[in-house]
Amino acid sequence: MKDILVLGIESSCDETSAAVVKNGREVLSNVINSQIKIHEKFGGVVPEIASRSHTEVINSVVKQALKEANVTIEDIDVITPTYGPGLVGALLVGVSYAKGLSFATGKPLVGVNHIEGHIAANYITYKDLKPPFICLIISGGHTHLVNIKSYTEFEILGKTKDDAVGEAFDKVARVVGLGYPGGPKVDKLAKQGTPNVVLPKTHIDNLNFSFSGIKTAILNLYHKNPNINKADLCASFEKNVAEVLVKNSIQALKQTNLEKIALAGGVSANSYIRAEFSKLEDMGIKVYYPELKLCTDNAAMIASAGYYNFINGKKSDLTLNAIPNLKIDK
Ligand code: KG4
Ligand code: ZN
């Protein structure tokens, strides 16, 4: 069978990224231009600034991805931009750029759901991973427990009723003065702490989650006692969050009779959460985590998901639009 080269384009939030991926699994390049430095001083992503920055750099990021892969645009078989969920202005930059490129070159266009991209990061790290399996997607915008029935069919088993896990990490970091983006900073500081602070439960019902209560509890604790040990607070927060993530994941595996669970999304880079999930191996469960660079936003994962859409006949046309609240279980 002929190799299929996919050009993935990601611009849903604060990373402009382009990648060339072969047959959905082999990364030939994955260029990521992070806007962290630009948004840092505002304490979070400023949507309009994000869109403008994407517009400025997208062409050079794509060119660099082709160069690093040692291919030209003629060698590419499919162009796959993220079209949702995400910030509308940011998404429109990648979608419009990809549409222009598709129109000019005559190459097929395939829109990709960003969450499906996070799931596909596991296909790159584990060449033999195939559905069905359970995936826990924990990112800045999403907390989903999903039954991956096939490469293109998803059933949501549980999700957050309020904040996403990453959002809670970022808010806790802001409260204790660690800055943006908070996840990696909480991860680091928690290593020096003891999880001895009592916090409210994060479980809500069935396989759903709620993280707004714990975030508010930490805010109140810190305001009542600014001298509270920050490392202990971060360690307690992580322990509490990991507990509910593991608990609901085990339940999802039981419910579906599956024995494989993959983590995905920015928070799956968290060292404590990874370590807690590793313990499931003792129960005969196989645990998968994308390599660190593929946990946070990148275009290689988008190209991988785009490949599976393409070979399964899910193609787009030049009416493709940005959908900020795009779902995976339509
Ligand atoms: O997947 P991602 O790059 O973007 C979204 O699609 O939302 O996830 C970003 C989120 C941020 O909230 C960031 O703080 C969190 O992932 N994050 C982490 C770690 N690295 C990134 N959270 C906890 N521990 C980490 N090591
Ligand atoms: Zn993401």
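We number each residue from 1, following the sequence as shown. Just follow the structure's listing: the first ligand is 1, and inside any ligand the first atom is 1.
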Rounded to the nearest 0.5 Å, what's the gap from [atom1] on [X] to [atom2] on [Y]? Could you check?
X: Asp297; Y: Asp14; atom1: CG; atom2: CG; answer: 7.0 Å
X: Cys135; Y: Asn147; atom1: SG; atom2: CG; answer: 10.5 Å
X: Thr82; Y: Leu91; atom1: OG1; atom2: CG; answer: 7.0 Å

Sequence neighbours excluded, every pair satisfying side chain to side chain donor-acceptor pair (under 3.5 Å) that has a member inside residues 122-146: Thr125-Glu291
Tabulate below the donor-acceptor pairs under 3.5 Å that side-chain atoms of residues 280-290 make, not counting sequence neighbours, or state none.
residue, atom, partner, partner atom, Å
Glu281, OE2, Val287, N, 3.2
Tyr289, OH, Arg274, O, 3.1
Tyr289, OH, Ser278, N, 3.3
Tyr289, OH, Ser278, OG, 2.5

Counting backbone and side-chain atoms alike, does His118 have an N/O/S atom under 2.8 Å from the Zn ion (ligand 2)?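 Here the distance criterion (N, O or S atom, under 2.8 Å) is met by His118, so yes.
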With ring pair (Phe, Tyr, Trp, His ring centres under 6.0 Å) as the test, pick out the partner of Tyr151 among Tyr308, Phe133, Tyr307. Tyr308
To the nearest 10 degrees, calculate the angle at the Zn ion (ligand 2) involving NE2 of His114 and OD1 of Asp297.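 NE2 of His114, the Zn ion (ligand 2) and OD1 of Asp297 span an angle of about 100°.
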Would you be so kind as to tabulate the donor-acceptor pairs closer than 3.5 Å made by side chains of residues 164-171, with sequence neighbours excluded?
residue, atom, partner, partner atom, Å
Glu167, OE1, Ala164, N, 2.9
Asp170, OD1, Gly182, N, 3.1
Asp170, OD1, Gly183, N, 3.3

Residues around ligand 1, heavy atom under 4.0 Å from any ligand atom, sorted by chain and number. Can you pull those?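 Within 4.0 Å of ligand 1, protein side: His114, His118, Ser139, Gly140, Gly141, Gly166, Phe169, Asp170, Gly183, Pro184, Asp187, Gly265, Gly266, Val267, Ala269, Asn270, Cys295, Thr296, Asp297.
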